[in-house]
2 protein chains.
Amino acid sequence: MPTKRQETTAHVHSPAIEDYLEQIHNLIEAKGYARVVDIAKNLRISQASVTNMIQRLDAEGYVIYERYRGVIMTDAGRKIGQEIARRHEVLTRLLASFGLDPQTVHEDVEGMEHHISRQTLEVLTLLMEELEGNPELLMKLKRQLG
Amino acid sequence: MPTKRQETTAHVHSPAIEDYLEQIHNLIEAKGYARVVDIAKNLRISQASVTNMIQRLDAEGYVIYERYRGVIMTDAGRKIGQEIARRHEVLTRLLASFGLDPQTVHEDVEGMEHHISRQTLEVLTLLMEELEGNPELLMKLKRQLG
DNA sequence: GCGGAAGTTTAGCCTGAGCTAACTATTTTG
DNA sequence: CAAAATAGTTAGCTCAGGCTAAACTTCCGC
Ligand SMILES: [Mn+2]
Ligand SMILES: [Mn+2]
Ligand SMILES: [Mn+2]
Ligand SMILES: [Mn+2]
């Protein structure tokens, strides 16, 4: 029989760690590198706190870090960063399609993205796709939102 | 002109505080009283931690507490407890309708319930109601989940 | 190539929220 | 009604993840 697929042991990380890895991933995507000052700005925390966490992320194997130089991601780190970015995107598209205030969407998404299992992500992705492909349904619901 | 409706200053509490108030609320609903030992069991934390937090909740005006006796909720506390219980219920019904594993639903809901604005709650309530009233749509989506 | 600006790191501190161990109070039961 | 069982509290710890101030490194314009 085929070997039973190892159910990726959903090692769970703190919201803080996930936010850092998501942010580092986004910065590297967007500009090719991630600097302490930019991570700090985006997460709205002090540069000192960022340095501190980056050292932890290095020690735990999520990034490779050289003092005063940049940060790059290991495969493990990139995997998490991508995953959170994906959740962020799905949640944002779903909520934004209802016309909610972007600031509110962002706040909710920043929190919710850390508490979504793979199954729930699939459900939300499905809902998002349905609404994007079915404008009548979306309109009907938005009308009820009044 | 009518005085502008005060936009309930969404004072935000920690997930921990919200979990305690939700739990105390649920216990009082269900059995008429809330005891340290039951709160601890339901939240899976030590009794000592519960005692400690209850004292804080009293100091901050969410519950009234008498040593070795019970806890009752103030209006402020009950309001929060009810609110979280409501979010918990909506999220649970929405996710459960897709047939997700109850354990997974519970884990996701326990986290997500602390990060949902009033607007997002309205959207999710709407989605839940639509799916509950439109079994064909639900079936179609569930088939795609397969 | 030097000096100041910008960026980074270190040290030391704080708070929230958990824990265990030991003690105290209350309730139950023989 | 005494003592055992159960419930609740206190003291003292720990750890994550923030912060500021000060020191250090790098970069850039002159
Ligand atoms: Mn986030
Ligand atoms: Mn995010
Ligand atoms: Mn919760
Ligand atoms: Mn809950």
Problem - Aromatic ring proximity A:H106/A:H88, centre distance under 6.0 Å - result: yes
Handout entry: Distance-minimising heavy-atom pair for A:V63 and A:I54
Key = CG2-O, 3.9 Å
Practice task
Would you check if the side chain of A:T125 reaches a backbone N or O of A:L121 as a donor-acceptor pair within less than 3.5 Å?
Solution key: yes
Practice task
To the nearest Å, give me how far apart NE2 (A:H13) and P (D:dC15) are.
Solution key: 20 Å
Completion exercise
Rounded to the nearest 0.5 Å, the CD atom of B:Q23 sits from the CG atom of B:N42 at a distance of 4.0 Å
Practice task
Specify the separation, in whole Å, of atom CD1 of A:I54 and atom C1' of C:dG7.
Solution key: 12 Å
Problem - Side-chain N or O of B:R67 closer than 4.0 Å to phosphate OP1/OP2 of D:dT10 - result: yes
Practice task
Among A:R118, A:R78, A:H25, find the one that has a side chain to side chain donor-acceptor pair (under 3.5 Å) with A:E83.
Solution key: A:R118
Completion exercise
note: A:R35, atom CZ; C:dG7, atom P; distance rounded to Å ~ 6 Å
Handout entry: For atom OH of A:Y65 and atom C1' of D:dT25, their distance in whole Å
Key = 12 Å
Practice task
Give the rounded distance in Å between these two atoms: CD of A:E18 and P of D:dG17.
Solution key: 11 Å
Exercise for the section: If the plane angle is over 60° it's perpendicular, under 30° parallel, otherwise tilted; pick one for B:Y62 and B:H13. Expected result: perpendicular
Practice task
Could you encode protein contacts along nucleotides 13-21 of chain C as a string, one character per nucleotide from 5' to 3', using B for base contact, S for sugar-phosphate-only contact and - for no contact, with a heavy-atom cut-off of under 4.0 Å?
Solution key: ---SSSBBB
Fill in the blank from the handout: Taking for A:R69 and for B:T51 the nucleotide of DNA chain D with the nearest heavy atom, the one nearer the 5' end belongs to B:T51
Practice task
Figure out the CD1/C1' separation between A:I39 and D:dG18, and round it to whole Å.
Solution key: 16 Å
Problem - Atom-pair distance (CG on A:L57; P on D:dA16), nearest Å - result: 13 Å
Exercise for the section: Whole angstrom is fine here: how far is it from CD in B:E66 over to P in C:dA25? Expected result: 15 Å
